[in-house]
Structure formats: C-alpha cells, structure tokens
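In what follows, a structure is listed as structure tokens, so that the remarks can point back to it.
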Amino acid sequence: MTACPWDDWNHILKIDPDKELPEGVTYGDLCATGTDAIEVGGTMGITEENMEAVVDACAEHDVPLYQEPSSPDVVIDNRALEGYLIPTVFNAGSPFWITGAHKEWVRTDDDMDWDRTWTEAYIVMNPEADVAEYTEADCDLGPDDVAAYAEVAERMFGQEIVYLEYSGTFGDEEIVEAAGEATDETTLFYGGGIHDYDSAATMAQHADVIVVGDLAHEEGVEAVRETVEAARDA
Ligand code: 1GP
C-alpha cells in the first residue's frame with residue numbers, strides 16, 4: 001500500500017453540519033484542538049449548503065479537511081478539501097450502501113477527482129444509530145465476525161481504512177481489539193461514544209485512529225482536547 005496521510009494520524013474530529021456547536025464555540029476553536037484531521041459529515045439532514053458552510057468555516061484554519069458524504073447528492077466541490085472519504089458499509093443489508101450509491105455517483109459525475117477520493121470500509125455496530133437503520137446493517141456481530149470483516153476489507157478488497165463505527169455509543173473493547181489484531185497495514189478507525197481522556201485512551205490502544213463526533217457538539221473544546229491528548233499518549 002502507498003503511504004497515506006492517515007498513517008500518521010491518531011485523532012479525527014468529525015463535525016456534523018446538521019448539529020449545532022455549544023454556546024460560544026466556533027469551528028476555529030475546534031480546528032485548534034490539535035486533532036489530526038477534520039471529517040465533515042453526518043447521516044441525517046445533510047445538504048450541500050450546510051456542508052459548504054462548515055467547510056468554509058474550517059477552511060482558514062490549519063488542519064486537513066475531508067468530506068465524508070452520506071450520499072452522492074451532498075458531495076461538494078470545494079478546494080479547501082484535501083479530499084473525500086467515502087463510506088462503504090461492509091455489513092449493510094442493502095447493497096446500495098456497499099456499492100450502489102457509489103455507482104450512482106460515478107455514473108452521474110463525469111469529472112471524478114480520483115486523486116482525492118478514498119474509501120472507508122465501515123463496519124456499523126450500534127443498531128440504534130441512524131446509520132445502522134439507514135443501511136439496514138447487521139450489527140449482531142461477535143469479535144470473530146468483525147475481525148473477519150476487517151480482514152476481508154484489507155486482504156480481499158484492498159481497503160486502506162477500516163472504520164469500526166459505534167456512533168452514539170461506546171463500543172465493546174474486545175471487538176475493537178479483535179479488529180485491531182486482524183488488520184495489518186490497513187489503518188483502523190474507531191468511532192463511537194468517546195467522551196473523555198479514559199474512553200479515548202481505551203480505544204486508542206486498539207485502533208490506529210480514534211474518531212470523536214458528538215462530544216464536540218455537546219461539550220466543546222476542552223473535552224475534545226482531552227481526547228486528542230489521550231490519542232497521542234496511546
Ligand atoms: C460518528 O464515529 C463517529 O460517525 C463518532 O461517534 O458521535 O459517538 O463520537 P460519536
């Protein structure tokens with residue numbers, strides 16, 4: 001595999017354009033938390049307009065910016081973006097979320113920017129999360145299932161990123177550990193329920209990169225900073 005920016009990352013801050021920031025917190029404050037990259041994306045209520053607004057607000061700050069589009073119609077063409085991280089949900093019930101949406105995007109875009117487009121092999125684990133409902137994901141998976149999905153993603157499908165997604169809830173450490181052991185060169189992202197130094201440290205032991213989302217919208221800058229510190233210490 002070729003060198004990728006995320007080889008050196010420990011922490012990603014995911015900003016949901018459909019969610020508010022806490023009182024007094026700006027996008028600039030979030031960019032300055034020390035996070036290695038910002039992903040702009042969410043599952044519900046995403047539009048080109050709210051995407052553009054967040055990307056523009058983050059653009060003047062010195063942190064790599066990526067869009068994580070939930071569907072082809074919200075992909076924006078903004079030069080401030082380093083690129084696009086495109087989810088493909090390995091345990092989706094509907095093939096639309098594995099390759100279908102991707103096919104539609106490529107079919108309707110004559111000018112794909114392949115040099116700035118990568119995929120993330122998602123394994124969606126929280127059945128209560130919007131993303132699980134939306135993709136009809138089979139979340140009834142044990143450590144052996146998840147490890148196998150991760151290995152399939154790396155070895156059979158050449159995925160550079162496996163993303164273990166517990167969005168909204170803190171994951172099962174044994175499962176994250178199994179995914180970590182199953183991946184070799186592939187970078188393992190973990191996201192879900194990270195809310196302080198200790199929860200970040202727990203998952204950062206097993207995953208290469210931890211992703212923090214709701215905390216930024218609910219608690220703000222100091223809380224996010226603690227998770228950056230834990231990710232770096234791990
Ligand atoms: C969501 O994995 C991210 O896509 C982060 O999850 O919002 O629970 O931190 P949280």
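Counting starts at 1 for both ligands and their atoms, following the listed order. Small disclaimer: the values here were computed from a predicted structure and weren't measured.
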For [atom], what is the nearest protein heavy atom, given as residue, atom name and distance?
| atom | result |
| --- | --- |
| atom 1 (C) of ligand 1 | E165 OE2, 3.4 Å |
| atom 9 (O) of ligand 1 | G213 N, 3.0 Å |
| atom 7 (O) of ligand 1 | D214 N, 2.9 Å |
| atom 3 (C) of ligand 1 | Y163 OH, 3.3 Å |

Would you call E104 and R107 a salt bridge, taking side-chain N to carboxylate O under 4.0 Å as the test?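 Counted as a salt bridge, because a side-chain N and a carboxylate O are separated by less than 4.0 Å.
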
Using a strict 4.0 Å cut-off to heavy atoms of [X], name the atoms of ligand 1 that fall inside it.
| X | answer |
| --- | --- |
| G193 | 8 (O), 9 (O), 10 (P) |
| K14 | 1 (C), 4 (O) |
| G191 | 2 (O) |

Are L141 and V89 connected, step by step, through hydrophobic side chains (Ile, Leu, Val, Met, Phe, Trp, Tyr) whose heavy atoms are closer than 4.5 Å? no

Apply ring-ring contact (aromatic ring centres under 6.0 Å, His included) to the pair W6 and Y163, showing each step before the final yes or no. CA-CA 12 Å; W6 40 88; Y163 191 137; over 10 Å; no

How about R116: does its CZ atom have over 12 heavy atoms from other parts shown lying under 6.0 Å from it?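 Counting neighbours around CZ of R116, more than 12 heavy atoms of other residues, nucleotides or ligands fall under 6.0 Å, so yes.
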
N/O to N/O below 3.5 Å, does that happen between S167 and ligand 1? no

Close N or O approach (G168, ligand 1; < 3.5 Å): yes

Note: Y166, heavy atoms under 4.0 Å from ligand 1, region reported as neither

Does M112 have any side-chain contact (heavy atoms from CB on, under 4.5 Å) partners at least two apart in sequence or in another chain, and if so, which?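 Residues passing side-chain contact (heavy atoms from CB on, under 4.5 Å) with M112: W105, V106, D109, W114.
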
Partner set under side-chain contact (heavy atoms from CB on, under 4.5 Å) for E133, not counting sequence neighbours: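 E133 satisfies side-chain contact (heavy atoms from CB on, under 4.5 Å) with no residue once adjacent residues are dropped.
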
Do you know which of T186, T88, T119 makes side chain to side chain donor-acceptor pair (under 3.5 Å) with Q159? T119

